[in-house]
Amino acid sequence: MAEDLFDEMLRDIAKALRRMQALRERFESYIEEVVRDFENLYEERVRSMTSDVEEPLVEIRDFGDELVMVVDVSGVKDESVDVRVTSEEIVVAGEVDERKVEEALRGWHLARTKKVFRGVYKLPQPIDPSSVKVYKKDSLIIIRARKISL
């Protein structure tokens, strides 16, 4: 009887160890995925910082029968924004003309720089390009489009 109890305890321990091993493997897989995501994000940010072209911040929301895309482009004039639309993607591009007064060499001077931005955004669902409406509010570009029923 004691031997049966001992064998049962060994089986329980072996079962618990197999469960722990499976959990450890799942955890390692999860960590590898997180590390890969961070590496990709890091590489993307480094590319955007070393490039002359910046990608604006964007949010795409699904409101049932339409998609709304909000693009943050601080300092952009309306005429310097180009929005191109297909049923599958939206491309937003333009220039920001920055002016700032800087102190240099014991005096003040006006510094002007132009920054170019461009973003290509795949849409989660096809849209009707003829339904697109573009609005500008402060530093935001708001793009509304009717979705195509699948």
Side-chain angles (χ1 to χ4, degrees), residues 1-100 102 111 113-150:
M1 178 152 184
E3 206 171 282
D4 290 341
L5 181 60
F6 182 72
D7 287 341
E8 185 178 336
M9 287 173 54
L10 284 177
R11 281 192 299 276
D12 288 346
I13 290 171
K15 187 177 177 182
L17 288 172
R18 283 192 299 274
R19 255 187 306 187
M20 288 172 51
Q21 177 67 23
L23 286 172
R24 185 179 69 82
E25 289 171 1
R26 283 181 46 205
F27 181 73
E28 284 176 353
S29 174
Y30 172 75
I31 293 299
E32 287 172 4
E33 184 179 327
V34 169
V35 167
R36 250 190 329 273
D37 288 347
F38 275 111
E39 286 172 346
N40 291 339
L41 181 62
Y42 175 76
E43 288 171 7
E44 182 181 312
R45 291 298 171 209
V46 167
R47 271 194 309 275
S48 73
M49 289 187 320
T50 58
S51 170
D52 291 338
V53 179
E54 295 182 12
E55 184 172 343
L57 296 175
V58 132
E59 181 177 359
I60 299 175
R61 293 262 176 128
D62 188 336
F63 287 98
D65 62 340
E66 76 174 351
L67 291 178
V68 176
M69 181 171 159
V70 179
V71 185
D72 185 359
V73 287
S74 299
V76 173
K77 295 183 178 134
D78 293 349
E79 62 274 4
S80 68
V81 177
D82 181 33
V83 178
R84 295 177 190 249
V85 179
T86 69
S87 63
E88 304 293 324
E89 69 182 16
I90 295 178
V91 178
V92 179
E95 290 182 347
V96 178
D97 188 16
E98 290 186 341
R99 295 178 187 197
K100 58 184 171 183
E102 296 178 340
T113 59
K114 282 195 184 248
K115 288 185 180 177
V116 176
F117 66 89
R118 184 172 195 277
V120 179
Y121 307 99
K122 297 280 183 204
L123 299 172
Q125 188 171 344
I127 60 166
D128 175 7
S130 66
S131 72
V132 171
K133 292 183 174 61
V134 180
Y135 309 93
K136 177 115 174 29
K137 182 175 176 27
D138 301 324
S139 68
L140 302 177
I141 297 170
I142 302 159
I143 303 166
R144 300 177 76 113
R146 206 170 44 251
K147 293 191 308 189
I148 296 174
S149 299
L150 297 176

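None of the values given here were measured: they were computed from a predicted structure.
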>> My understanding is that only residues two or more places apart in sequence, or in another chain, count here; which of them pass side-chain contact (heavy atoms from CB on, under 4.5 Å) with Leu10?
In response: Phe6
> Step by step, would you call Tyr30 with Val34 a side chain to side chain contact (heavy atoms under 4.5 Å, CB included)?
Replying inline: CA-CA 6 Å; Tyr30 172 75; Val34 169; 3.6 Å; yes
> Are Pro126 and Lys147 side-chain neighbours, meaning at least one heavy-atom pair lies under 4.5 Å?
Replying inline: no
> Partners of Glu89 by side-chain contact (heavy atoms from CB on, under 4.5 Å), sequence neighbours excluded?
Replying inline: Thr86, Val91, Val120, Lys122
>> Would you say that Val134 contacts Val81 through its side chain, given a criterion of any heavy-atom pair below 4.5 Å between the two side chains?
In response: no
> Should Val70 and Arg61 count as side-chain neighbours, where that means a heavy-atom distance under 4.5 Å?
Replying inline: no
>> Rounded at 0.5 Å granularity, tell me how far CD in Glu88 sits from CG in Leu123.
In response: 7.5 Å
> For the residue pair Pro129 and Ser87, what are the closest heavy atoms and their distance?
Replying inline: CG-N, 3.7 Å
>> Contact between Ile60 and Pro124 at the side-chain level, heavy atoms closer than 4.5 Å - yes or no?
In response: yes
> Which residue pairs pass the salt bridge (Lys or Arg N to Asp or Glu O under 4.0 Å) test with at least one member in residues 7-26, sequence neighbours excluded?
Replying inline: Arg24-Glu28
>> Applying salt bridge (Lys or Arg N to Asp or Glu O under 4.0 Å) as the test, list every pair that has at least one member in residues 64-74; sequence neighbours left out.
In response: Glu66-Arg144
> Listed by chain and number, what are the side-chain contact (heavy atoms from CB on, under 4.5 Å) partners of Glu33, not counting sequence neighbours?
Replying inline: Arg36, Asp37
> Mind checking what makes side-chain hydrogen bond (donor to acceptor under 3.5 Å, both in side chains) contact with Asp128, not counting sequence neighbours?
Replying inline: Ser130, Arg146
> Of the non-hydrogen atoms in Ile148 and Ile127, which two are nearest, and what is the gap between them?
Replying inline: CD1-O, 3.0 Å
> Could you walk me through whether Ile90 and Val71 pass the side chain to side chain contact (heavy atoms under 4.5 Å, CB included) check?
Replying inline: CA-CA 11 Å; Ile90 295 178; Val71 185; over 6 Å; no
